[in-house]
Structures are given as structure tokens and as C-alpha cells.
Amino acid sequence: MQDQTLPGILLSELRAQPPLVHCITNFVAMNIAANVLLAAGASPAMVHAEEEAGEFAAIAGALTINIGTLSSSWLRGMEAAALAASQSGKPWVLDPVAHYATLFRRAAVDRLLELGPTVIRGNASEIIALAGGESRGQGVDSRDEVEQAEESARLLARTHGATVAVTGVVDFVTDGERTARIEGGSPLMPQVTALGCSLTCLVGAFTAIRPAAPFEATVAALATFAVAGEMAASRADGPGSFSPAFLDALAALDAPLLDRHARVRSA
Amino acid sequence: MQDQTLPGILLSELRAQPPLVHCITNFVAMNIAANVLLAAGASPAMVHAEEEAGEFAAIAGALTINIGTLSSSWLRGMEAAALAASQSGKPWVLDPVAHYATLFRRAAVDRLLELGPTVIRGNASEIIALAGGESRGQGVDSRDEVEQAEESARLLARTHGATVAVTGVVDFVTDGERTARIEGGSPLMPQVTALGCSLTCLVGAFTAIRPAAPFEATVAALATFAVAGEMAASRADGPGSFSPAFLDALAALDAPLLDRHARVRSA
Amino acid sequence: MQDQTLPGILLSELRAQPPLVHCITNFVAMNIAANVLLAAGASPAMVHAEEEAGEFAAIAGALTINIGTLSSSWLRGMEAAALAASQSGKPWVLDPVAHYATLFRRAAVDRLLELGPTVIRGNASEIIALAGGESRGQGVDSRDEVEQAEESARLLARTHGATVAVTGVVDFVTDGERTARIEGGSPLMPQVTALGCSLTCLVGAFTAIRPAAPFEATVAALATFAVAGEMAASRADGPGSFSPAFLDALAALDAPLLDRHARVRSA
């Protein structure tokens with residue numbers, strides 16, 4: 001396996017056979033996440049109601065769940081969807097946005113974790129807190145560095161049999177045994193809301209590519225995002241012009257470009 | 001009647017007397033749909049709660065209903081609004097997003113159809129399935145061509161006494177008797193999320209112009225969208241830069257430009 | 001006190017210590033409002049559920065409540081959050097979007113007003129109607145001029161012990177005694193949806209800076225918005241390109257630029 005080229009192979013496969021990605025995400029992220037999936041070549045569908053979320057998860061290629069703007073009724077939809085995904089062998093990705101901030105969020109994430117996410121993606125503060133550590137997160141922002149979350153990520157991965165991604169200046173991915181670090185992106189990215197949430201949806205798209213393992217799929221999604229982010233930053237004048245440039249870059253990205261610019265290190 | 005110039009006349013009337021358009025649309029489309037209406041010259045209002053949707057529909061110039069991110073409570077608001085629109089003689093437009101995907105959606109659309117939409121707008125897969133045919137839709141994406149949906153559209157129009165629009169590479173509109181085809185737009189448009197949903201809202205805006213008939217109003221809305229799409233594509237580097245360019249083009253579009261560039265064929 | 005430089009001082013303080021701003025806003029505004037706060041240097045968090053809104057309001061630096069896409073369950077979250085903010089001495093800002101349009105909205109705003117907002121921001125029609133006057137608002141759009149709302153704003157400010165901001169071509173702010181007018185912005189701004197809602201969130205960010213008084217914080221937020229709007233307009237080709245240019249301008253704005261370009265008049 002060559003880490004440097006697998007992202008390119010997976011991106012080509014995603015483009016050749018666009019996966020249907022069932023996203024239950026927050027109200028802030030809805031539009032940009034759908035546009036990120038379309039630009040990458042996947043087919044997004046936002047479906048959250050308890051009455052249909054399970055039925056839809058079973059027909060989608062993958063599911064992503066993000067608790068950003070949580071409510072009780074949405075939580076029921078999330079649980080129905082995660083259960084259906086698990087039962088039908090579909091991968092699903094959990095994004096535990098600011099789960100440490102309130103009792104309601106902590107309880108919700110505990111229930112979702114019991115349903116066995118395939119991948120967990122968060123910022124350093126979220127991953128540290130999820131593994132039982134002391135995080136310094138404020139609101140939805142991380143106040144911790146990725147490096148400080150690596151041990152927590154390994155612990156989480158082993159406890160839940162999941163791939164765990166900690167994203168930040170340099171991303172870290174582990175399935176409990178293997179680890180990878182992905183460089184790239186731009187300092188403008190944290191200034192644009194919901195890009196992390198959109199990345200969670202893109203991880204879902206890559207996990208839908210069979211027979212890619214969740215670890216490789218996650219690394220490929222993060223590398224795709226990081227390269228598109230670098231390309232966009234060179235054309236942006238600030239966080240506002242970054243967003244359209246990022247979607248343009250993602251749509252223009254192909255396997256050769258990705259292979260050339262992805263900076264993935266096994267660690 | 002000159003099909004080639006009616007869109008221009010209606011666009012001028014819309015600008016002269018901005019209609020208040022009551023939109024119940026999905027979370028993905030909310031922002032871009034409101035911006036599309038503002039750029040076109042209309043006055044959007046997003047109001048969904050059961051407690052007020054009926055009251056608001058009665059004061060608006062037209063109503064649009066899109067089931068993209070459906071839930072039970074929103075469905076109650078949609079029904080209250082559609083009923084009030086019908087009772088007060090206001091036109092309303094139905095966008096049956098991916099109604100074939102789940103039982104919940106199918107049942108919802110059946111109930112909304114009974115309330116007598118003035119216009120139904122969908123992609124080919126949605127219109128085929130709505131007329132009882134076998135569609136190949138996956139998630140929210142059409143897998144069928146507009147041409148394959150023409151008979152279904154005619155059948156739907158006659159059954160429900162509605163104008164039906166099938167949008168795609170070349171749009172098709174029928175009121176059961178008359179038909180029109182509208183060319184234009186850009187291959188970038190399906191790569192931008194919720195543009196179809198936004199078009200549904202724009203159709204609503206044009207139906208609010210009295211005494212335009214729903215068929216002519218729908219054709220005018222689709223022609224406006226198609227011409228703005230062509231103008232925007234010439235300035236866009238991808239789906240990200242397309243969106244702002246599209247809103248700029250829509251705002252810059254006037255009757256003479258529309259008359260010159262609209263490609264509407266009676267068929 | 002020098003009105004001309006206080007906005008710059010407050011912007012510097014906001015950047016130096018980014019406040020966590022708890023926003024309960026409408027679905028149209030969610031994304032752009034979060035991006036406005038990030039570009040300005042604040043840390044937005046969208047949290048609306050009754051189960052956690054009160055808990056979250058108590059840890060945030062300020063709260064903003066906007067009734068744009070109201071529902072009963074969201075209203076319960078708004079009330080819990082406003083109560084918690086009041087009880088913990090946190091400033092909170094009310095944006096009574098189109099409150100005159102339906103009975104449901106009027107009743108909701110009455111209940112929220114009883115919880116003592118620190119600042120009320122609206123367009124002229126909203127402020128006139130809130131003070132018991134006869135407004136000509138249609139849907140969410142003002143049909144009245146700012147000048148016509150000045151007496152209503154003073155009355156509201158005195159009745160509720162709040163700072164009241166009426167925004168439009170020239171903004172007007174009063175705490176019942178002092179008044180200020182803020183010039184700037186661009187005619188493109190009303191053509192972009194939810195910029196007013198985003199401004200409400202930015203007012204919240206400035207009120208979180210201690211020990212700035214609500215009146216000065218509101219003036220500073222409006223001046224920041226107006227200067228960024230002017231800067232953006234010079235680079236925009238229409239309402240579509242205005243949005244990214246506005247976020248870029250807001251991110252590029254610093255205290256010296258703000259001091260130089262802000263046009264605030266005590267009145």
C-alpha cells in the first residue's frame with residue numbers, strides 16, 4: 001500500500017461511482033456541506049426525520065451524523081439512522097460537535113457512541129473530552145492542539161473499534177493501531193463556519209467506497225480537503241472569497257493533482 | 001401571444017411590484033432561495049410553523065412548498081399553508097423532492113397533492129414517479145432525462161389541473177394542453193445544491209404576478225433562471241464561483257436582456 | 001468619550017478576547033451570521049434546544065435571539081435562554097423579525113420583551129410596530145424610513161430600559177437618552193438575505209465586551225458593519241459577489257481603518 005497514492009485512487013472511484021451520502025448535520029452546515037459533497041463528486045441527501053431516517057440510511061452508501069444544532073426530535077432521527085446503518089452494514093461517521101458543552105449533548109453522544117460509529121471526527125478539544133480527558137474547548141472552538149489529542153484518539157479508537165480523526169493544523173488519524181498525519185489546508189479554514197462539519201460529510205462519502213477500509217477512506221477524505229484548501233487559499237483574499245474558491249478547487253481536483261500535492265505521513 | 005417576449009414583460013412587472021413570496025422550503029435551500037428571490041426582485045419570507053403558516057399564506061402573493069428536509073411538524077405547517085392559499089385563491093407551487101425515496105415522503109406528497117397545487121416542479125425522476133411511473137432516481141438526484149418524463153408531466157397536469165415543470169438540461173412545461181421547452185442554463189447548475197429548490201421559489205414569485213396564467217408564469221421563471229445561468233457560467237471557474245455570479249447575473253438581468261437571450265419553444 | 005474612536009477600541013478588544021456568542025437565529029441566517037461573527041473575530045455558537053439553551057446562555061458572553069423562522073419548540077428554547085442570560089447578568093439582543101405579521105409572532109415577542117432584552121434591533125417597520133405604532137411592513141421588509149421610527153425607538157428604549165437600534169440607509173441608535181446615527185453600508189445590503197439578522201449577532205458580540213455599555217457596543221457593531229459594507233461594495237458586481245467581499249472586508253477591517261472610515265454622529 002502506498003499512502004501517497006491511495007487518496008487519488010479513492011477520489012477516482014468516488015467520481016466514477018458517486019455514492020449517495022445520507023447527512024444528518026446542523027443548520028449552519030447544511031448548504032456548504034451539500035456543496036462540498038457535490039464538488040467532490042458525491043451525491044448528498046439531507047434527511048433527518050425520525051419517520052424516514054432509518055429507511056433512508058439503509059438505502060444510502062454511508063451516513064454522517066453531526067450534533068451541531070441538536071434537539072430531541074433530531075436525536076431520535078439520528079438514533080434511528082445510526083441503528084439502520086449499523087444493521088445494514090453501512091459505514092457511519094459521528095461528529096460530536098461541542099459535546100462537552102452541555103448535559104444534553106453529553107447524553108446524546110453517549111447514546112450515539114453505543115450504536116458503533118465507523119469513524120469519529122472532531123477537533124482536539126472534542127476528542128480529548130470524548131476519551132474522558134480534560135479539554136479546554138469553548139463553545140464549538142477547540143482550545144487544544146491536535147498533538148495533545150493523539151493519545152485520546154488512540155484510546156477512543158480502541159474502545160469503540162472505530163477510526164478516529166482529529167483535525168486541526170495537521171490532522172491525525174488512527175484506527176487504534178495505524179496512524180497517519182495529513183498536512184495542508186489553510187489558516188483561513190477555521191475562519192469559515194462549518195468546514196469541519198462539511199469534512200465529516202466528505203469522510204462519509206469516502207467510507208462509502210467499497211472495499212476501502214475506514215482508515216484509508218478517512219485519510220483520503222482529509223487529504224482531498226487539505227489539498228483543495230491549499231489550492232483555494234492561493235486565490236482567496238479572506239474567508240469570504242475562500243468559500244467559493246474552495247468549492248472550485250474541490251471540483252477541479254483530480255487524482256493526479258491529489259497524488260502530487262497530498263502530504264500524508266504514516267506515523 | 002409572443003412566447004419570446006412574455007418572460008420579459010413579466011420580469012418587468014415583478015420588479016415594478018415585488019410580490020411577497022411565502023416559502024416553506026428545506027434547510028439546505030433556505031439561504032440561496034431567499035437570495036435568488038431578492039436578486040430577481042421579489043420579497044421572500046420563510047415561515048413554516050403550523051401556528052402561523054396558514055395566516056401568512058393568506059397575506060402573501062404566492063406560496064411555495066418543498067419537502068426536501070421534511071418532518072411531521074413541518075408537514076402540518078405545509079398543509080395549513082396550502083389550504084389557506086387554496087381558500088384565498090393564491091397560487092402555490094409544490095416541489096416534491098425525492099418523494100419516491102421513503103414511505104413518509106410518498107404519504108406527505110399524496111396529502112399535499114389533494115390540496116391542489118397550481119404548479120408542480122420537479123426533476124424527471126420525481127415527475128415520472130409522481131405520475132405513477134417507474135423512476136430511477138437515487139436520493140435527490142434524477143437518473144432520468146427530461147424527455148422521458150414528458151408524458152408523465154402531461155398526465156399529472158391533466159389529473160391535477162396543474163401546470164407541471166420538468167427541469168433538466170432542457171426544461172419542459174405543460175398545463176396538459178400547451179407545452180413549452182426552455183433551453184439555457186449551465187452544466188454547473190446541478191453541481192450547486194438547492195438551485196432547483198430556488199427555482200421553485202422563483203416560479204412562485206412569477207405566479208404571484210396577476211393576471212399571468214400559471215403556465216406563462218412558470219415559463220417566464222424558467223427562462224429567467226436559464227438566461228441568468230448562462231450569463232453566470234461565462235464568468236465562473238467552477239460551482240463555487242458560479243453561485244455569486246448567478247445572483248449577480250439575476251440581479252443584472254432586465255427585460256431586454258431576457259427577451260434577447262431567452263430560448264423558449266412552444267412544442 | 002470620543003464617538004469616532006470608541007468603535008475601533010471595542011473592535012480591538014473583541015479581536016484580543018473573542019467572545020463566545022450564543023445565537024438563536026433563523027434558518028436563513030444561520031450560515032451567514034456565523035461567518036460574519038468569525039470574520040469579525042468572535043466565536044459563534046448556534047444552540048436552540050429547550051434542553052440546553054438555558055445552560056449554554058449562562059456560559060456564553062452574550063445571547064442573540066431572532067424570531068425569523070419561529071416555531072413553538074424554538075420559542076421555548078428562546079425563553080429558556082433569555083431567562084438564563086438575564087439571571088446570569090449576560091447581555092442579550094432581540095431581533096423581532098416581522099413580528100407584526102401574525103398573531104403567533106406578536107405573542108412570542110410580547111413574552112420575549114418581558115424577559116428584558118439589553119438591545120433591540122430591527123428595521124423601521126418592526127420598531128414602529130413594536131412601540132405600538134402603525135407600520136407599513138410587508139413580510140420581512142420595511143416599508144418605512146428610519147427617520148419615521150426614531151420616536152418609536154426612544155419610547156421603546158425608555159419603556160424597556162433597553163438600547164434600541166433601527167437600521168436602514170442611516171442607522172439610528174438610542175438608549176432613551178443618548179442617540180447616534182451611523183452612516184455607511186451599501187444599497188446592495190438589503191438585496192442580500194439575512195444581513196440584518198447577522199448584524200444582530202454582531203451586536204451581541206460587541207455587547208459581550210466588558211465594560212462597554214450596550215449603547216456604545218451597539219454603535220460600534222453598526223459602525224463596523226457599515227464600514228465593511230462600504231469597502232465590500234467597491235469590489236462587488238452585484239448582491240452575489242457582495243457577500244464574499246463583505247466577509248473579506250470584515251476580516252480585513254482593523255481599528256485604524258474603522259476609526260478612519262466610521263461615520264457616527266451623536267444626535
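All values below were derived from every heavy atom in this structure, side-chain atoms included, with hydrogens, water molecules and symmetry-related copies excluded. Lettering of chains follows the sequences in order, A, B, ..., and the numbering in each one begins at 1.
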**Asked** Judged by atom type as modelled, is there a donor-acceptor pair below 3.5 Å linking the side chain of A/R105 to the main-chain atoms of A/I67?
**Response** yes

**Request:** Answer yes or no: is there a donor N or O on one side and an acceptor on the other, between the side chain of A/D248 and the main chain of B/S241, under 3.5 Å?
**Result:** yes

**Message:** Could you tell me if B/S125 and B/D144 have a donor-acceptor pair between their side chains, going purely by distance under 3.5 Å?
**Reply:** yes

[X] versus chain A, heavy atoms under 4.5 Å apart: side chain, backbone, both or neither?
X: B/D237; answer: both
X: B/L188; answer: neither
X: B/S243; answer: neither

**Residue pair B/T167 / B/L222, side-chain heavy-atom distance below 4.5 Å** = yes

**Prompt:** Any side-chain heavy-atom pair from A/L257 and A/V227 closer than 4.5 angstrom?
**Reply:** no

**Asked** What part of A/L20 lies closer than 4.5 angstrom to a heavy atom of chain B: side chain, backbone, both or neither?
**Response** both

**Heavy-atom pair count under 4.5 Å with chain B, highest-scoring of A/M46, A/M30, A/E50, A/E55** = A/E55

